[in-house]
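A short worksheet on the structure shown next.
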2 protein chains.
Amino acid sequence: MSTRDSLGEFEQIVLLAMVRLGDNAYGVPIRHEIEKRTKRTISIGALYSTLDRLEAKGYASSWFSNPTAERGGRSRRYFKIEPPGLKALERSREVLEVMWKGVKLGRI
Amino acid sequence: MSTRDSLGEFEQIVLLAMVRLGDNAYGVPIRHEIEKRTKRTISIGALYSTLDRLEAKGYASSWFSNPTAERGGRSRRYFKIEPPGLKALERSREVLEVMWKGVKLGRI
DNA sequence: GCTATTTATCCTACTCTGTAGATCTAAATT
DNA sequence: AATTTAGATCTACAGAGTAGGATAAATAGC
């Protein structure tokens, strides 16, 4: 691992979507939440590989639900942010905050 | 190029350092500004390769100064953010803003 | 029961970004 | 001319971002 240990931008976005969704955080709604809020489409692959990496780093955990009674059967893989993920999110926000502090782009 | 066209986190940080420094934005002070504000060390190589990439994408421009009268001779390569860089910075900020909006990590 | 439909995740492959630090350049000082 | 100082370049690799086709599993309808 690098010495850096802060998050990439997309990792932040995915973690935040997870936080926003709470108990309903699995692949499909996570993707939907990001697309809805950021107005940009994200591919399925982009999402799942990021989720896998977040889990591998201990920033999130996942487990499978029993299938529901709705049509369409594959089990959902639910995600939850873990304490190191929370810390990393905070650090990332702080770093950008100190760099932005006082900057007004309009005046350049 | 990807379809994404927003900035990586470190790219944002470097562009913001450039903005903060105004007329004094060349390698050494850029690095110093980032280390001072974020409290993390960054390697010389990390900085220059990012600067090169930002320039290649048209987000920044650079030019060489005539050497000054100080000891230590190599010309400074000054950097300036360009309009597409400003736009990209704004977009990146907006994306993170909508994802953060209303999130309170303390309550998780 | 078999097939179509629906929901959802997995897999593979590739490009771009992040990171490191040794090396190279060139002027001013001694 | 040797040393010191400021500064940029180079090479190489690890990690994050991106894309979409393939796969899986359940229900609905016949």
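Note on naming: letters A, B, ... go to the chains in the order of the sequence lines (proteins, then strands), and numbering restarts at 1 for each one.
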- prompt: So, do B/Glu33 and B/Arg20 sit near enough that their side-chain heavy atoms are less than 4.5 Å apart?
  reply: yes
- line: Between the CG atom in B/Leu105 and the CG atom in A/Leu15, the distance rounded to the nearest 0.5 Å is 9.5 Å
field: Gap between atom CD of A/Glu94 and atom CG of A/Leu89 - 0.5 Å precision
entry: 11.0 Å
query: When the nearest nucleotide of DNA chain D is assigned to A/Ser75 and to B/Phe79 on a heavy-atom basis, which residue is associated with the more 5' position?
result: B/Phe79
field: Closest-nucleotide 5' rank along DNA chain C - winner of A/Asp52 and B/Ala46
entry: A/Asp52
- prompt: So which one's nearest nucleotide on DNA chain C is more toward 5', B/Ser43 or A/Arg77?
  reply: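 It is A/Arg77 whose nearest nucleotide is closer to the 5' end.
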statement: Sorted by chain and number, sequence neighbours left out, side chain to side chain donor-acceptor pair (under 3.5 Å) with A/Ser62 holds for A/Glu55, A/Arg77
- request: Classify the ring geometry between B/Tyr78 and B/Trp63 as parallel (under 30°), tilted (30 to 60°) or perpendicular (over 60°).
  value: parallel
- request: Tell me what A/Phe64 touches on the nucleic acid: a base, only sugar-phosphate, or nothing, going by heavy atoms under 4.0 Å.
  value: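 Sugar-phosphate, no base atom in range.
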message: Under 4.0 Å, heavy atoms only, any strand: does B/Ser49 hit a base, just the sugar-phosphate, or nothing?
response: base
Would you kindly give the [atom1]-to-[atom2] distance between [X] and [N], to the nearest whole Å?
X	N	atom1	atom2	value
B/Lys57	C/dC16	NZ	P	10 Å
B/Arg76	D/dT5	CZ	P	17 Å
A/Leu54	D/dA16	CG	P	9 Å
A/Gln12	C/dT17	CD	C1'	15 Å
B/Ile42	D/dG7	CD1	C1'	15 Å
A/Leu47	C/dA8	CG	P	13 Å
A/Leu7	C/dT17	CG	P	18 Å
B/Ile30	D/dA6	CD1	P	18 Å

task: Please confirm whether any donor atom in the side chain of B/Arg53 sits under 3.5 Å from an acceptor in the base of C/dG18, or the reverse.
output: yes
message: Is there, by distance only and without an angle test, a donor paired with an acceptor across the side chain of A/Arg74 and the base of C/dT6 below 3.5 Å?
response: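 Side chain to base: no pair present.
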message: One thing to verify: whether B/Arg40 and B/Glu35 come together as a salt bridge, which I'm taking to mean a side-chain N less than 4.0 angstrom from a carboxylate O.
response: no
From C/dA22, D/dA16, C/dA8, nucleotide with atom closest to B/Ile44 side chain: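 Looking only at side-chain atoms, B/Ile44 lies closest to C/dA22.
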message: Set out, in order, the CA-CA distance, both residues' side-chain angles and the distance that settles side-chain hydrogen bond (donor to acceptor under 3.5 Å, both in side chains) for A/Glu82 and A/Ser61, then state yes or no.
response: CA-CA 7 Å; A/Glu82 292 295 332; A/Ser61 54; 2.6 Å; yes
- prompt: Under a 4.0 Å heavy-atom cut-off, which of residues 18-28 of chain B touch DNA chain D?
  reply: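 Correct list: B/Tyr26, B/Gly27, B/Val28.
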